[in-house]
Amino acid sequence: MMKQFRTFLIAAVALLGFQTINAQAKTAHVDVQEIMTKMPAVLDAQNQLKKLSDTYSAEYKTMVDEYQSKIKKYDAEAATVTDAVNQTRQTEMQDMGKRIGDYQETAQKDLQKKEADLMKPITDKVKASIQKVGKAKGFQYVFNAADLLLTDGPDITADVKKDLGF
């Protein structure tokens with residue numbers, strides 16, 4: 001009886017171990033950063049953002065140059081004009097400095113919004129492609145390689161790139 005119980009226990013443990021191995025999820029990884037840095041749509045978005053940033057930078061530089069020019073002029077003339085004129089000029093310069101600061105803040109917000117508007121459809125497309133490829137290959141989980149300490153399993157980066165057309 002004890003021998004039968006022992007045999008049954010060994011068989012049960014072996015069966016349980018086999019079921020645990022079968023129940024483990026199939027996982028893979030993908031290098032999202034590699035995909036995003038080489039994806040043509042991302043490169044186009046980056047070019048659009050650079051052009052917009054350059055436009056804002058040029059306008060900002062023009063405003064700052066005008067501001068500095070007025071400061072030099074007003075400093076040179078300060079001793080020869082009345083206190084009322086100097087007070088008016090000081091108020092003008094404070095207003096101008098505020099406008100420059102406001103412009104810089106607005107430009108930064110506009111750039112961030114434009115980046116979000118351009119990148120959201122791209123990231124959605126990449127995510128959908130990863131899900132499609134992962135499911136087609138029978139994986140239950142696909143992890144971003146950048147978040148892993150060990151990437152010794154299947155890598156589907158090339159398959160996702162192919163699915164995205166590059």
Side-chain angles (χ1 to χ4, degrees), residues 3-69 94-166:
K3 193 173 187 178
Q4 286 177 336
F5 179 72
R6 196 165 159 209
T7 305
F8 174 74
L9 186 61
I10 290 172
V13 168
L15 182 62
L16 186 61
F18 181 71
Q19 286 177 344
T20 302
I21 290 170
N22 282 342
Q24 288 181 345
K26 286 184 67 179
T27 62
H29 64 272
V30 63
D31 191 341
V32 175
Q33 184 169 352
E34 179 183 336
I35 292 169
M36 295 295 285
T37 57
K38 295 181 180 163
M39 192 173 179
V42 172
L43 299 175
D44 290 342
Q46 288 173 339
N47 287 336
Q48 287 181 43
L49 289 170
K50 174 136 178 42
K51 286 179 185 175
L52 184 59
S53 178
D54 290 347
T55 301
Y56 284 136
S57 292
E59 181 64 28
Y60 177 77
K61 184 181 181 325
T62 300
M63 292 171 78
V64 168
D65 289 347
E66 180 184 350
Y67 180 79
Q68 290 174 340
S69 176
Q94 287 172 345
D95 290 344
M96 196 173 195
K98 184 180 180 332
R99 281 195 310 273
I100 291 170
D102 291 347
Y103 178 83
Q104 186 178 25
E105 185 178 319
T106 301
Q108 186 65 34
K109 285 180 183 176
D110 286 350
L111 279 171
Q112 289 171 346
K113 183 180 182 323
K114 182 70 171 179
E115 180 179 22
D117 292 346
L118 289 172
M119 295 305 292
K120 181 164 179 10
I122 295 169
T123 55
D124 289 347
K125 184 177 180 179
V126 169
K127 183 179 178 183
S129 179
I130 291 169
Q131 290 172 342
K132 176 182 168 187
V133 170
K135 285 181 183 178
K137 293 196 168 274
F139 295 110
Q140 293 169 312
Y141 298 97
V142 178
F143 297 99
N144 184 2
D147 298 329
L148 300 175
L149 299 175
L150 176 66
T151 56
D152 196 23
D155 183 355
I156 63 169
T157 303
D159 298 315
V160 172
K161 287 166 120 179
K162 184 177 178 184
D163 183 62
L164 290 169
F166 71 99

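Just so it is clear, the model here is predicted, and its values are computed rather than measured.
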> Using the salt bridge (charged side-chain N to carboxylate O under 4.0 Å, His left out) criterion, which residues pair with Asp95? Sequence neighbours excluded.
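Checked Asp95 against salt bridge (charged side-chain N to carboxylate O under 4.0 Å, His left out); zero matches.
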> Who passes side-chain hydrogen bond (donor to acceptor under 3.5 Å, both in side chains) against Asp147, sequence neighbours left out?
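With sequence neighbours excluded, Asp147 shows a side-chain hydrogen bond (donor to acceptor under 3.5 Å, both in side chains) to no residue whatsoever.
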> Do Asp54 and Lys50 make a side-chain contact, defined as non-hydrogen atoms from C-beta onward lying under 4.5 Å apart?
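A side-chain contact exists here, since the closest heavy-atom pair is under 4.5 Å.
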> Hey, could you give me the CD/CG distance between Gln112 and Asp110, rounded to the nearest 0.5 Å?
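One gets 9.5 Å once the value is rounded to the nearest 0.5 Å.
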> Would you call the rings of Tyr60 and Tyr103 parallel, tilted or perpendicular, taking 30° and 60° as the class edges?
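Parallel: the ring planes of Tyr60 and Tyr103 meet at under 30°.
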> Do Val160 and Val142 come close enough that some side-chain heavy atom pair is under 4.5 Å?
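Sidechains of Val142 and Val160: no contact.
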> With heavy-atom distances below 4.5 Å as the criterion, would you say the side chains of Met36 and Ile122 are in contact?
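Met36 vs Ile122: side chains touch.
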> Using modelled atom types only, decide if a donor and an acceptor are shared between the side chain of Ser53 and the backbone of Leu49 within a distance under 3.5 Å.
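No; judged by distance alone, with no hydrogens or angles, the pair does not exist.
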> Before giving the answer on side-chain contact (heavy atoms from CB on, under 4.5 Å), spell out for Lys127 and Asp124 the whole-Å C-alpha distance, their side-chain angles and the decisive distance to 0.1 Å.
CA-CA 5 Å; Lys127 183 179 178 183; Asp124 289 347; 5.6 Å; no
> For residues 152-159, tabulate all N or O donor-acceptor pairs below 3.5 Å that involve a side-chain atom, not counting sequence neighbours.
{"from": "Asp155", "atom 1": "OD1", "to": "Thr157", "atom 2": "N", "distance (Å)": "2.9"}
{"from": "Asp155", "atom 1": "OD1", "to": "Thr157", "atom 2": "OG1", "distance (Å)": "2.6"}
{"from": "Thr157", "atom 1": "OG1", "to": "Asp31", "atom 2": "N", "distance (Å)": "2.7"}

> I would like to know whether Met63 and Gln104 meet side-chain contact (heavy atoms from CB on, under 4.5 Å); could you show each step before the answer?
CA-CA 10 Å; Met63 292 171 78; Gln104 186 178 25; over 6 Å; no
> Would one find more than 12 heavy atoms of other residues, nucleotides or ligands at under 6.0 Å from atom OH of Tyr141?
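Atom OH in Tyr141 is not packed in, count stays at 12 or less.
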> Asp44: what forms a side-chain hydrogen bond (donor to acceptor under 3.5 Å, both in side chains) with it, not counting sequence neighbours?
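Asp44 satisfies side-chain hydrogen bond (donor to acceptor under 3.5 Å, both in side chains) with no residue once adjacent residues are dropped.
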> With a 4.5 Å heavy-atom cut-off, do Ile35 and Phe166 have their side chains touching?
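Side chain of Ile35 against side chain of Phe166, heavy atoms only: contact under 4.5 Å found.
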> Sequence neighbours excluded, which residues qualify as side-chain hydrogen bond (donor to acceptor under 3.5 Å, both in side chains) partners of Lys114?
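Per chain and number, Lys114 pairs via side-chain hydrogen bond (donor to acceptor under 3.5 Å, both in side chains) with no residue.
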> Please check: side-chain N/O of Thr55 versus main-chain N/O of Lys51, any donor-acceptor pairing under 3.5 Å?
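Side chain of Thr55 to backbone of Lys51: a pair is present.
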> Evaluate the side-chain proximity of Leu43 to Lys38: yes if any heavy-atom separation is below 4.5 Å, no if none is.
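In short, these two side chains do not touch, never coming nearer than 4.5 Å.
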> Run the salt bridge (charged side-chain N to carboxylate O under 4.0 Å, His left out) test against Asp117 and tell me which residues pass, sequence neighbours left out.
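Once residues adjacent in sequence are excluded, the partners of Asp117 under the salt bridge (charged side-chain N to carboxylate O under 4.0 Å, His left out) criterion are Lys113.
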